[in-house]
Structures are given as structure tokens and as C-alpha cells.
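See structure below.
Order of the sequence lines sets the chain letters (A, B, ...), proteins ahead of strands, with each chain counted from 1.
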There are 2 protein chains.
Amino acid sequence: MTTHATPRTRREQILREASRLFAERGFHGVGVDEIGAAVGISGPALYRHFAGKDAMLTELLVGISSRLRDGGRRRVEEARAAGRAPSEALESLISGHIDFALDDRALITLHDRELDRLPEADRKRVRQLQRQYVELWVEVVRETHPRLPEDQARAAVHAVFGLLNSTPHLSRPSALPDRATTAALLHRQALAALAAAER
Amino acid sequence: MTTHATPRTRREQILREASRLFAERGFHGVGVDEIGAAVGISGPALYRHFAGKDAMLTELLVGISSRLRDGGRRRVEEARAAGRAPSEALESLISGHIDFALDDRALITLHDRELDRLPEADRKRVRQLQRQYVELWVEVVRETHPRLPEDQARAAVHAVFGLLNSTPHLSRPSALPDRATTAALLHRQALAALAAAER
DNA sequence: CACGGCGGTTAGCGAGCGTTAACCTGCCCT
DNA sequence: AGGGCAGGTTAACGCTCGCTAACCGCCGTG
């Protein structure tokens, strides 16, 4: 199940193009006229759909952070409800994150590059969502690797996020193996990196 | 041996502060007046030392890319000259990169965030240096893990860079364990992630 | 059939930015 | 003693950018 279908409303279309452009050239590097042009309207027409440029970035970042957290919670919940081992919950978290990283590359890029271009209030909200997502991982990692101290678990999780988010940053993604191969590779690496943290 | 001593010339002082500010708020998010203020002079005085704002970013990115590549080459060279196993060359590469990531956090951040704010010519130069550094790693990884296909080796190396570069991106680095612990942790994780790539 | 609002248009404003100009001061060197 | 240059200063320019204003056509509805 892909997380984002092709846009049906003009709003979604704008968000889609804005995320692409922001990821390519940075929030400050893209003008509103450019975003408008990308959807076939021009400049100020965007203000019929959004309060301003900031509002677009806010909506994108809150959206992806929420989806990451909620998706993670759901996966852990499901694994627990089915009585499966914590290690399976962890693998599910990894798979879910990989799907995100490979299918919503632009959003992942924004997510860890443009956070501090947000107005204070929104930034706090996004950071809270991100923190909850991290803590969810830390919880599950500590269940599967009980000898790992909490601060190291958190650092290890951050490192694995860096690993999983590496491919969207590639300037020439065509150099990658096909999707399935890349996904499997990242999965193996993430799992091993977390296991190695404990030693 | 740290890579960058405390600045003695005004030029170095400016570069130091500029890198800090660029890393914190992004290249477009920092004004020249602000950079000037950070070193106690104001605005246009910077033009006595640099051709422009772009030139500062260029010098920072070319500098760090060169140092990464040259340091990597030196380490591999040394290991080979001493007749040590490829696995030791790999571990030396990992250690060197970790030193960079932990000691020059701001530069590492710029290095993979602000590359495309560079004028075309400089960007090409930096990308070439980065590519050479990556290929150096890929070479060594393929010696230590011969069954790993080249494209997957390259993807695995990129992923490990993401892992190693994760800590500089942390907004609150105080949450990390102490330096030695963090370095050891990252080293274990990177090594394991590369080994797991082969399977 | 009028009409209201949705979603566009172009013109233009005001702020902030990088950069240049013009000027000044102290130090080194002969 | 004097002159030049290194390294500052402030003023100002011009451009870009986000955003607002003013206007307009289409379409669904009472």
C-alpha cells in the first residue's frame, strides 16, 4: 500500500510539486512563482489554497511526521496484538520506514533538512511527532537488545535513521539497484547495525 | 590530531563562524551582516576577504571534501604499504570518518545539505571529490566483501555514510553518550552494516 | 436569470538581501 | 615624513521575493 496516491485535488497537486521543488533546491531556494508554474497556474494563485509559503512546508512536515509515527505505532500494535516477538515488531518498523524512504523520497529529504525553516510553533509540533517516533523505536530496540543502555539505544536508532534515509539524498538515484534489491539491502544493514550496537 | 586548529587568521575565523551559521540555519537563511557580526566586524567588510557569500561556501565545501578524500587515501595507502589486510584499511577509513563527523560537525552537515547552493562549476568540483572518496570506500569494501556486487557495494557505502553522518544532524547533541562511547558505537554499527550487506 | 463565490489573472508594494561605492584610519616600509 | 595598502566604516543601490490588491470569468444554485 503506497502512502500517497496521485493527487486528485489542486491542493494535493500543489503539495506534491512543492515537496519536489523544496527537496531539490531547498525551501528558501524556491519561489512561489516557481511552485505555481509547476502546477500550471502562476504565483499568487497559490494563496487561494494556502495561507502562505510557510503553511505549505508546515503541512508537508506535519503530514509526514504524523504518518511515520502513526504507521510505526500501528505496526508495533499489530505485532503485540498478534503475540509476536519484539524482534518481529522491529523488523516491521524497519520495513515500514524503508517503504517511506523509497516511495516518498522528497518528503524524507525535507523531513530532516528543512525543519528549522518552520515558524517556532509548528517546529515544536513536528519535533514532538519526530520524538515520539524515535521513542517508539527505542522502546522496541530495548526489548530486543536489553543489554543496550538507553542513551546508546537512542544514538543507535538515530544512526539507523541516517542509514535508511541515505538513499533519498542521492543526487543520481539511477545508480541504485532495483527497488526490491535496495530495500532488502537496507533491511539487512539496519538490522545488523542495531544488533551490533549491543555488543 | 584534530583536523582544524583554532583560527589564527581573520579569514579562518570567518570561515569557522560561517560554517557554524550555515549549518544551523542554512546557506540562504544567514545574511552577510550576521556572519560579519559573528566575528565582530560588520557586513561588507567580509568582501575584503572573500569575493562573495558563494565563495565562502565554496571554500568550505571544497575544503572538507578534499580533506575527506585525502585523509582516506592516506589511510588506505598506509595500510597497504604496511602489508595489512584490507579489513584493517576499512576499519581505518571508518575511524577517520568518525573523527571527522564528531569533530567537524558543522562541516559534515554542510557537506551533504548545501551542495546544490553552489554555482555550477564549483559544484562539479566538489562532486568529483566526493565521488572519488566514495569510490575509494567501494574499492576497499569490495576487497573485504568480494561477493558483494558493485552497485550494492556503492549503495551500502552511501548508507553507511548516512549512518556515520547522523550524529551531526542532531539538534540536541547533549543527548549523546560521551565521545569515546559514541565513536565506538558508530564504529561497530558501520562495520556490521557493511558486513551484512554481503549476505 | 440573476448572482455569489471559487479560482484564476496582472500590477505593484515593501522588506530584505548581496553587493558596490566612497571614505577613513593606522601601520609598515623606505 | 610620507605614501600606500590592508582592513575597516556607513550609505545606498538594485534585485528578488513573499504577499496583497483589484479585477474577472465561470458555474451551480434559488
Side-chain angles (χ1 to χ4, degrees), chain A residues 6-62 110 113-123 126, chain B residues 6-62 110 113-123 126:
Chain A
T6 69
R8 280 241 64 63
T9 86
R10 173 116 301 182
R11 252 185 90 89
E12 296 172 43
Q13 192 190 2
I14 293 171
L15 285 175
R16 157 90 80 178
E17 293 303 309
S19 73
R20 208 199 69 234
L21 290 168
F22 289 161
E24 277 172 12
R25 294 204 284 290
F27 180 68
H28 291 302
V30 183
V32 289
D33 288 355
E34 217 169 340
I35 301 173
V39 299
I41 68 186
S42 255
L46 295 172
Y47 289 77
R48 301 290 169 195
H49 304 275
F50 295 92
K53 201 185 163 195
D54 286 359
M56 300 181 207
L57 185 60
T58 298
E59 188 151 330
L60 288 170
L61 293 188
V62 170
L110 292 185
R113 265 190 202 178
E114 308 286 347
L115 178 58
D116 19 75
R117 279 70 177 170
L118 240 49
E120 172 67 14
D122 300 319
R123 187 172 49 224
V126 172
Chain B
T6 70
R8 275 238 71 55
T9 85
R10 168 107 317 169
R11 253 185 89 87
E12 296 173 44
Q13 192 189 1
I14 293 170
L15 285 176
R16 158 88 79 177
E17 294 303 310
S19 74
R20 208 199 69 234
L21 290 168
F22 289 161
E24 278 173 11
R25 296 204 283 292
F27 180 68
H28 290 302
V30 184
V32 291
D33 290 355
E34 218 169 341
I35 302 174
V39 300
I41 67 187
S42 253
L46 296 171
Y47 289 76
R48 299 292 169 193
H49 305 275
F50 295 93
K53 200 186 164 196
D54 285 0
M56 300 182 208
L57 185 61
T58 297
E59 188 151 329
L60 287 170
L61 292 188
V62 169
L110 292 185
R113 266 191 202 177
E114 307 286 345
L115 177 58
D116 19 74
R117 279 71 177 171
L118 240 50
E120 171 66 13
D122 300 320
R123 187 172 49 223
V126 171

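- When the P atom of D/dA6 is taken as reference, atom CZ of B/Phe50 falls 16 Å away, rounded to whole Å.
- Nucleotide D/dG8 holds its P atom 9 Å from the CD atom of B/Gln13, rounded to whole Å.
- Distance, B/Asp54 CG to C/dG18 P: 10 Å, rounded to whole Å.
- By the 4.0 Å N-to-carboxylate-O rule, B/Arg16 lies too far from B/Glu12 to be salt-bridged with it.
- In terms of position along DNA chain C, the nucleotide closest to A/Ala45 lies nearer the 5' end than the nucleotide closest to the other residue of the pair A/Ala45 and B/Val30.
- A straight line from CD1 of B/Ile41 to P of D/dG8 spans 5 Å, rounded to a whole angstrom.
- The closest side-chain heavy-atom distance from B/Lys53 to B/Phe27 is below 4.5 Å.
- A/Gly43 comes within 4.0 angstrom of nothing in the nucleic acid, heavy atoms only.
- Between C/dT10, D/dG8, D/dG18, one nucleotide has an atom nearer to the side chain of A/Pro44 than all others, and that is C/dT10.
- Residues B/Leu61 and B/Glu114 share a closest heavy-atom pair of CD1-O, 4.1 Å.
- The two atoms that bring A/Arg11 and A/His49 nearest to each other are NH1-O, 2.8 Å, heavy atoms only.
- As a whole-Å value, the separation of A/Leu46 CG from C/dC6 P is 17 Å.
- Looking at the side chain of A/Arg48, the nearest of the listed nucleotides C/dT19, C/dG7, D/dG18 is C/dG7.
- For the pair B/Val62 and B/Asp122, the minimum side-chain heavy-atom distance is 4.5 Å or more.
- Across the protein-nucleic acid pair, B/Asp33 atom CG and D/dT10 atom P stand 10 Å apart, rounded to whole Å.
- B/Lys53 places its NZ atom 17 Å from the C1' atom of C/dT20, with the value rounded to the nearest Å.
- Proximity of B/Arg10 to the phosphate of D/dG8: a side-chain N or O atom is located under 4.0 Å from OP1 or OP2.
- Proximity of A/His49 to the phosphate of C/dG8: a side-chain N or O atom is located under 4.0 Å from OP1 or OP2.
- In this structure, OH of A/Tyr47 is placed 17 Å from C1' of D/dA22, rounded to the nearest angstrom.
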